[in-house]
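This report refers to the structure that appears directly beneath it.
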Amino acid sequence: MHRVLASLAIAVLSLACGADHEPEGSGGAGGAVAPPTTFGGDRPVELFVPSSYDAATPAPLLILLHGYRASGLAQEVLFRLEPIAEARGVLYAHPDGTVDSEGSKFWNATELCCDFDGTGVDDPSYLIGLVDAISAAYNVDPKRVFFAGHSNGHFMSYRMACDHADRVAAIAGLAGGMFQDPASCAAEEPVSVLHMHGTADEAVPYDLAAEASAAAWAGFNGCEDVPVAAPNIDLESSIEGAETTVQIWNGCAPGTATELWSIEGGKHIPNLGSDFGATLVDWLLAHPKP
């Protein structure tokens with residue numbers, strides 16, 4: 001598959017950092033030492049801690065994975081998940097992949113995308129290590145660990161579901177896909193999956209990735225063979241009306257779901273509506289591990 005052109009032009013960025021939100025009951029004169037907010041070792045990432053975080057209450061954790069040639073910060077600008085994480089009380093991070101010979105950040109997800117230099121970098125271990133490190137410092141609910149991604153990051157979200165099905169509750173992604181051979185997926189238990197994809201995607205063709213990936217996970221999740229249609233929704237702001245068709249597989253393993261949302265006429269980088277972030281996060285939160 002050709003390289004995924006997912007670079008984003010950003011003129012001005014002004015985002016609140018997780019360090020601005022001090023966990024309840026920490027810091028201050030005579031108080032406990034605040035836990036760290038930077039994780040990831042030689043690939044550091046700042047954890048966003050919602051102002052409502054209470055160390056006594058387990059909180060969900062969401063990791064957002066960027067597309068090829070993008071970055072964690074650029075992906076946040078596109079998806080706008082931080083305000084939703086604040087509103088929903090979600091611990092949230094958007095790490096960076098490594099840099100290839102062309103200076104582009106990437107995730108080594110599958111044979112299709114996007115370790116084009118053949119570095120063999122072990123991104124599944126890096127990312128599950130990130131979950132472990134955050135969980136050691138914060139009260140993370142082990143039944144609500146989620147991954148989301150775009151393009152290469154969507155491929156990587158699938159890889160995390162395959163390699164760490166025992167740790168990942170659900171994934172939601174846009175414009176990516178599974179392994180070319182679903183038998184390469186090592187998932188040993190169900191993971192809820194939401195696959196979103198534009199039917200006019202010029203970089204990761206819909207016909208090659210969307211239906212096959214969702215159907216493969218419907219099989220892993222023990223769902224019925226044929227999905228049913230649900231009411232259309234509106235994800236793309238530049239396409240009039242409710243352009244996105246929704247297919248849901250019934251009969252999945254208890255507490256799990258598999259859905260395919262097809263953005264009719266949508267490109268690789270759609271014009272996402274203002275409700276996209278809330279729609280994505282709320283879907284994930286509705287699908288904890290049983």
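Numbers here simply count residues along the sequence, with the first being 1. Because only heavy atoms are used, hydrogens play no part in the values below, and waters and symmetry mates are left out as well, while side chains stay in.
- Pairs of residues two or more places apart, or lying in two chains, that qualify as salt bridge (Lys or Arg N to Asp or Glu O under 4.0 Å) and include a residue from residues 279-290 are R88-D282, E189-K289.
- The shortest side-chain heavy-atom distance between I84 and V90 does not fall under the 4.5 Å cut-off.
- The side-chain heavy atoms of W261 and I233, taken from C-beta on, include a pair separated by under 4.5 Å.
- Contacts classified as disulfide bond (SG atoms under 2.5 Å apart) and involving residues 33-82 (residues at least two apart or in different chains) are not found.
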- Message: Does T256 form a side-chain hydrogen bond (donor to acceptor under 3.5 Å, both in side chains) with N221? I'd like the steps, not just the answer.
- Response: CA-CA 7 Å; T256 61; N221 289 342; 4.8 Å; no
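- Using a 4.5 Å heavy-atom threshold, the side chains of L61 and L47 count as touching.
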Exercise answer: donor-acceptor pairs, residues 172-187 side-chain atoms, under 3.5 Å, sequence neighbours excluded:
residue: D181; atom: OD1; partner: A183; partner atom: N; Å: 3.0
residue: S184; atom: OG; partner: D181; partner atom: O; Å: 3.3

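- Evaluation of the salt bridge (charged side-chain N to carboxylate O under 4.0 Å, His left out) rule for E224 yields no partner, not counting sequence neighbours.
- Counting heavy atoms from C-beta on, the side chains of N232 and T244 never come closer than 4.5 Å.
- Every residue two or more places apart in sequence or in another chain that forms a ring-ring contact (aromatic ring centres under 6.0 Å, His included) with Y206 is listed here: H197.
- Under the side-chain contact (heavy atoms from CB on, under 4.5 Å) criterion, A59 pairs with Y53, L91, not counting sequence neighbours.
- Screening residues 118-141 for salt bridge (Lys or Arg N to Asp or Glu O under 4.0 Å), with sequence neighbours left out, gives R43-D123, D132-R167, D141-R144.
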Can you give each donor-acceptor pair under 3.5 Å made by side-chain atoms of residues 269-280, sequence neighbours left out, with the distance rounded to 0.1 Å?
residue: N271; atom: ND2; partner: S238; partner atom: OG; Å: 3.0
residue: T279; atom: OG1; partner: D275; partner atom: O; Å: 2.9

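- The only option from V99, D117, N152 that meets the side chain to side chain contact (heavy atoms under 4.5 Å, CB included) definition with F106 turns out to be N152.
- Applying the ring-ring contact (aromatic ring centres under 6.0 Å, His included) test to F220 and every residue at least two apart in sequence or in another chain returns W217.
- A donor-acceptor pair under 3.5 Å is absent between the side-chain atoms of D96 and the main chain of S71, judged by distance alone.
- By the 4.5 Å heavy-atom criterion applied to side chains, M160 and I128 are counted as neighbours.
- In this structure, L127 and M156 approach most closely via the heavy-atom pair CD1-CG, 3.8 Å.
- In this structure, H287 has its ring center no closer than 6.0 Å to that of F146.
- The aromatic rings of H94 and Y92 lie perpendicular to each other, with more than 60° between the two planes, well past the 30° mark.
- For the pair E76 (side chain) and E82 (backbone), a donor-acceptor distance under 3.5 Å is present.
- Under the rule for a salt bridge (charged side-chain N to carboxylate O under 4.0 Å, His left out), K267 has no partner lying at least two apart in sequence or in another chain.
- Listed by chain and number, the residues in a ring-ring contact (aromatic ring centres under 6.0 Å, His included) with H164 amount to none (sequence neighbours excluded).
- The disulfide bond (SG atoms under 2.5 Å apart) contacts involving residues 209-290 comprise C223-C252, where partners must be two or more places apart or lie in separate chains.
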